[in-house]
Undergrad: 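One structure follows; several queries about it will come next.
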Amino acid sequence: MNSDKYDRENSAELGHPVFLLAEGKSDVSFLKHLLEARHIGGLHYGFPTSETGGGGFDGFGPYVSSLPTRTGFKKLKAILVL
């Protein structure tokens, strides 16, 4: 599997207080470009995959349930599900 910046971000250490959860990689790409164009940073992005318990909308539950196992989880203050 080719690991790109979105795949790496999807499993990276959590160091920012806000996490944006989208249905898939293309949604994350759109949000990241939109927010960068408006100079908004300091956010984490994520999306469910087959490795995290399922893709798309159906994978939100397992994905969010797995977040506490990630390093830095206690730094999160908000999770925005899109």
Side-chain angles (χ1 to χ4, degrees):
M1 181 173 159
N2 181 15
S3 179
D4 63 19
K5 65 182 176 181
Y6 301 112
D7 291 323
R8 288 187 299 274
E9 169 71 18
N10 208 25
S11 61
E13 178 178 337
L14 301 170
H16 302 297
V18 178
F19 190 93
L20 300 179
L21 176 60
E23 282 191 58
K25 192 183 296 190
S26 60
D27 299 317
V28 167
S29 176
F30 170 76
L31 289 169
K32 193 166 179 69
H33 284 97
L34 178 69
L35 294 172
E36 285 176 355
R38 286 161 176 71
H39 307 287
I40 299 171
L43 306 165
H44 284 289
Y45 302 87
F47 54 94
T49 65
S50 58
E51 290 83 25
T52 63
F57 176 79
D58 293 334
F60 280 173
Y63 187 89
V64 171
S65 295
S66 72
L67 284 176
T69 63
R70 289 184 49 189
T71 303
F73 174 75
K74 292 184 179 188
K75 295 177 185 175
L76 285 182
K77 301 292 183 207
I79 299 173
L80 178 59
V81 180
L82 306 164

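Position 1 is the first residue of the sequence; numbering continues from there.
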Undergrad: Carefully, step by step, assess K25 and D7 under the rule side-chain contact (heavy atoms from CB on, under 4.5 Å).
TA: CA-CA 8 Å; K25 192 183 296 190; D7 291 323; 3.1 Å; yes

Undergrad: Do the side chains of V81 and L20 get nearer than 4.5 Å, heavy atoms only?
TA: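 A side-chain contact is absent here, since even the closest heavy-atom pair is not under 4.5 Å.
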
Undergrad: Could you state the interatomic distance from CZ (F60) to CZ (F47), rounded to the nearest 0.5 Å?
TA: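 If I round to the nearest 0.5 Å, the distance is 11.5 Å.
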
Undergrad: Report yes or no: does S65 contribute a side-chain atom to a donor-acceptor pair with the main-chain N or O of G61 at less than 3.5 Å?
TA: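 Yes: the side chain of S65 pairs with the backbone of G61.
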
Undergrad: Does K32 come within less than 4.0 Å of E36, counting only side-chain N to carboxylate O?
TA: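 Between E36 and K32 there is a salt bridge, with a charged N closer than 4.0 Å to a carboxylate O.
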
Undergrad: Is there a continuous path of hydrophobic side-chain contacts, each under 4.5 Å between heavy atoms, that joins F19 to I40?
TA: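 In one cluster with F19: I40, no.
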
Undergrad: Knowing that exactly one of T52, N10, T49 qualifies, which makes a side chain to side chain donor-acceptor pair (under 3.5 Å) with Y63?
TA: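 Checked T52, N10, T49 against Y63; only one passes side chain to side chain donor-acceptor pair (under 3.5 Å): N10.
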
Undergrad: Is there a side-chain contact between P48 and V64 (heavy atoms, below 4.5 Å)?
TA: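 Answer no - side chains too far apart.
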
Undergrad: Measuring from L43:CG to L31:CG, what's the distance to the nearest 0.5 Å?
TA: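 Rounded to the nearest 0.5 Å, the CG-CG separation comes out at 9.5 Å.
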
Undergrad: Hey, is CZ on F30 packed in by over 12 heavy atoms from elsewhere, all under 6.0 Å?
TA: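 No, the 6.0 Å shell around CZ holds no more than 12 heavy atoms from other groups.
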
Undergrad: Can you check whether L80 reaches L21 side chain to side chain, under 4.5 Å on heavy atoms?
TA: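 Heavy-atom side-chain distance check fails, nothing below 4.5 Å.
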
Undergrad: Same cluster for Y6 and L82 if Ile/Leu/Val/Met/Phe/Trp/Tyr side chains link at under 4.5 Å?
TA: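 Y6 and L82: one cluster.
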
Undergrad: Nearest 0.5 Å, what's the NZ-OH distance between K5 and Y45?
TA: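 Between atom NZ of K5 and atom OH of Y45 there are 10.0 Å.
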
Undergrad: Hey, which of H16, E9, K75, R70 is the one that makes side chain to side chain donor-acceptor pair (under 3.5 Å) with H44?
TA: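 Going through the options one by one, the only one that passes is E9.
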
